[in-house]
Q: 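One structure, as structure tokens, below. Some questions next.
Lettering follows sequence order; numbering is per chain, from 1.
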2 protein chains.
Amino acid sequence: MKVSLGRLQQQHDAVFRENCPTRTVLDHVMSKWGVLVLMNLTDGTARWGELRRTVEGISEKMLASTLRTLEADGLVVRTAHPEVPPRVDYALTPRGEDLMERMMPLMEWIAENADDIVARP
Amino acid sequence: MKVSLGRLQQQHDAVFRENCPTRTVLDHVMSKWGVLVLMNLTDGTARWGELRRTVEGISEKMLASTLRTLEADGLVVRTAHPEVPPRVDYALTPRGEDLMERMMPLMEWIAENADDIVARP
DNA sequence: CCGAATCCTATACGATACTG
DNA sequence: CAGTATCGTATAGGATTCGG
């Protein structure tokens, strides 16, 4: 079966040019930690420490940096509660949820096929 | 709207554990160059030099390494023609096409929203 | 509890040159 | 044409400490 590029095909040239904004978004969203953080927000709001534990292996530095990037992109929203001790939680924005709707089928496929792919001869 | 993790939800813990094969596949497939190479194979076979030009900005080293990884994962197949001068082309395997069917909607969304995301205040 | 700041390391990546 | 080999750099990323 042939998958068509459709209107992604730009002229008859490179698909995403070097300074195309798509490259930037791609690097944010498809980054090592970006995907995992987004995934862990698909089932609702999560606190900082929660993400820290749930996204196994992430360092505080990378969590902070990833969240800031995603927030700047308008995919994630940060809410700080004026309490002591401080409580901050993160959630997907509508745009973030929109994105994740397209990403979930992909993630499911990867989850289903990962064992086969990694364990090949 | 709420997007559910469905059967991706493993127990009630981390979504993809640290040594989960999914992490590996994720790093291959969602890598900076992996996506772009795969994209450029969705509309059919391409030769090495073709990819080199089409995937704008990729170095020979990264193209080679990316292709080898994707081939090892069984997502891309390499065909060398015994000619002079040599001709080699790359194409998606059935598994690769299967993957790209899930990835295309995501890429289309990103392409459509990239400008908005990058140009925010 | 939620981060920011600092320091340090590994490796991803690019540029170039070379070969069957 | 289709790569491999080598070298050098930039950046991602980890570990730790500190502050609000």
Side-chain angles (χ1 to χ4, degrees), chain A residues 14 16-20 23-38 40-41 44-73 76-91, chain B residues 14 16-20 23-38 40-41 44-73 76-91:
Chain A
F16 298 121
R17 315 301 287 268
E18 190 145 16
N19 329 39
C20 181
R23 293 270 185 116
T24 309
V25 177
L26 231 44
D27 284 348
H28 294 178
V29 162
M30 315 276 264
S31 72
K32 177 178 178 61
W33 298 116
V35 199
L36 296 174
V37 167
L38 288 169
N40 280 277
L41 289 177
T45 298
R47 304 180 54 172
W48 163 276
E50 209 170 337
L51 289 172
R52 181 86 176 78
R53 273 174 286 110
T54 314
V55 183
E56 219 170 77
I58 197 172
S59 67
E60 300 199 337
K61 177 178 178 177
M62 289 317 294
L63 180 55
S65 139
T66 302
L67 283 172
R68 264 188 275 111
T69 301
L70 295 177
E71 197 193 355
D73 286 345
V76 161
V77 58
R78 173 186 188 274
T79 314
H81 300 87
E83 306 171 2
V84 177
R87 182 164 64 92
V88 180
D89 43 39
Y90 294 88
Chain B
F16 298 121
R17 315 301 287 267
E18 190 145 17
N19 328 40
C20 181
R23 293 269 184 117
T24 310
V25 177
L26 231 44
D27 284 349
H28 294 178
V29 161
M30 316 276 265
S31 73
K32 178 178 179 60
W33 299 117
V35 198
L36 296 174
V37 168
L38 288 169
N40 280 276
L41 289 176
T45 298
R47 304 180 53 172
W48 163 277
E50 210 169 338
L51 288 171
R52 180 84 176 81
R53 272 174 286 108
T54 315
V55 183
E56 219 170 76
I58 198 171
S59 65
E60 301 198 336
K61 177 177 178 179
M62 288 319 293
L63 180 55
S65 138
T66 302
L67 283 173
R68 264 188 273 114
T69 302
L70 294 177
E71 198 194 352
D73 286 345
V76 162
V77 58
R78 173 186 188 276
T79 315
H81 303 274
E83 306 172 1
V84 177
R87 182 164 64 91
V88 180
D89 43 37
Y90 294 89

Q: Does A:Glu71 pair with A:Arg78 as a salt bridge, N-O distance under 4.0 Å?
A: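 No, no charged N to carboxylate O under 4.0 Å.
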Q: Return the value, rounded to whole Å, for the distance between atom NZ of B:Lys61 and atom C1' of C:dC18.
A: 16 Å
Q: Rounded to the Å, how far apart are A:Asp89 CG and C:dC2 P?
A: 9 Å
Q: Give a yes/no on whether any side-chain N or O of B:Arg68 is located under 4.0 angstrom from OP1 or OP2 of D:dT4.
A: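 Checking B:Arg68 against D:dT4: at least one side-chain N or O falls below 4.0 Å of OP1 or OP2.
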Q: What is the distance, to the nearest angstrom, from the CG atom on A:Leu63 to the P atom on D:dT16?
A: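 Taking CG of A:Leu63 and P of D:dT16, I get 18 Å after rounding.
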Q: For B:Tyr90 and for A:Glu60, find the nucleotide of DNA chain D with the closest heavy atom, then tell me which residue's nucleotide is more 5'.
A: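 Here B:Tyr90 is the residue nearer the 5' end.
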Q: Whole Å only: how far is the CE atom of A:Met62 from the C1' atom of D:dT11?
A: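 In whole Å, D:dT11 C1' and A:Met62 CE are 10 Å from each other.
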Q: Identify whether the distance between the nearest side-chain nitrogen and carboxylate oxygen of A:Glu18 and A:Arg23 falls below 4.0 Å.
A: no
Q: How is B:Arg47 classified with respect to the nucleic acid when contacts are heavy atoms under 4.0 Å: base, sugar-phosphate, or nothing?
A: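 The residue B:Arg47 makes sugar-phosphate contact but no base contact.
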Q: For A:Pro85 and A:Ser65, take the nucleotide of DNA chain C holding the closest heavy atom to each; which residue's nucleotide lies nearer the 5' end?
A: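 The residue closer to the strand's 5' end, by nearest nucleotide, is A:Pro85.
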Q: Report the distance from atom CZ of A:Arg52 to atom P of C:dA4, rounded to the nearest whole Å.
A: 14 Å
Q: Expressed as a whole number of angstroms, how long is the span from A:Arg78:CZ to C:dG3:C1'?
A: 8 Å
Q: In whole angstroms, how far is the P atom of C:dA15 from the CD1 atom of B:Ile58?
A: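 Value for this atom pair: 12 Å.
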Q: What's the closest nucleotide to the side chain of A:Trp33 if the choices are D:dG13, D:dT4, D:dA2?
A: D:dG13
Q: Measure the shortest side-chain to side-chain distance between B:Leu51 and B:Tyr90 over non-hydrogen atoms and say whether it is less than 4.5 angstrom.
A: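 Side chain of B:Leu51 against side chain of B:Tyr90, heavy atoms only: contact under 4.5 Å found.
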Q: Round to a whole Å and report the spacing from CZ of A:Arg23 to C1' of C:dC13.
A: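 One finds 14 Å between C1' of C:dC13 and CZ of A:Arg23, rounded.
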Q: Could you tell me whether the side chain of A:Leu70 reaches within less than 4.5 Å of the side chain of A:Val37, counting heavy atoms only?
A: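 With C-beta onward as the side chain, the pair touches.
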Q: What's the separation between atom CG in B:Leu26 and atom CH2 in A:Trp33, rounded to the nearest 0.5 Å?
A: 10.5 Å
Q: So which nucleotide from C:dA4, C:dA17, C:dC2 ends up closest to the side chain of A:Pro86?
A: C:dC2
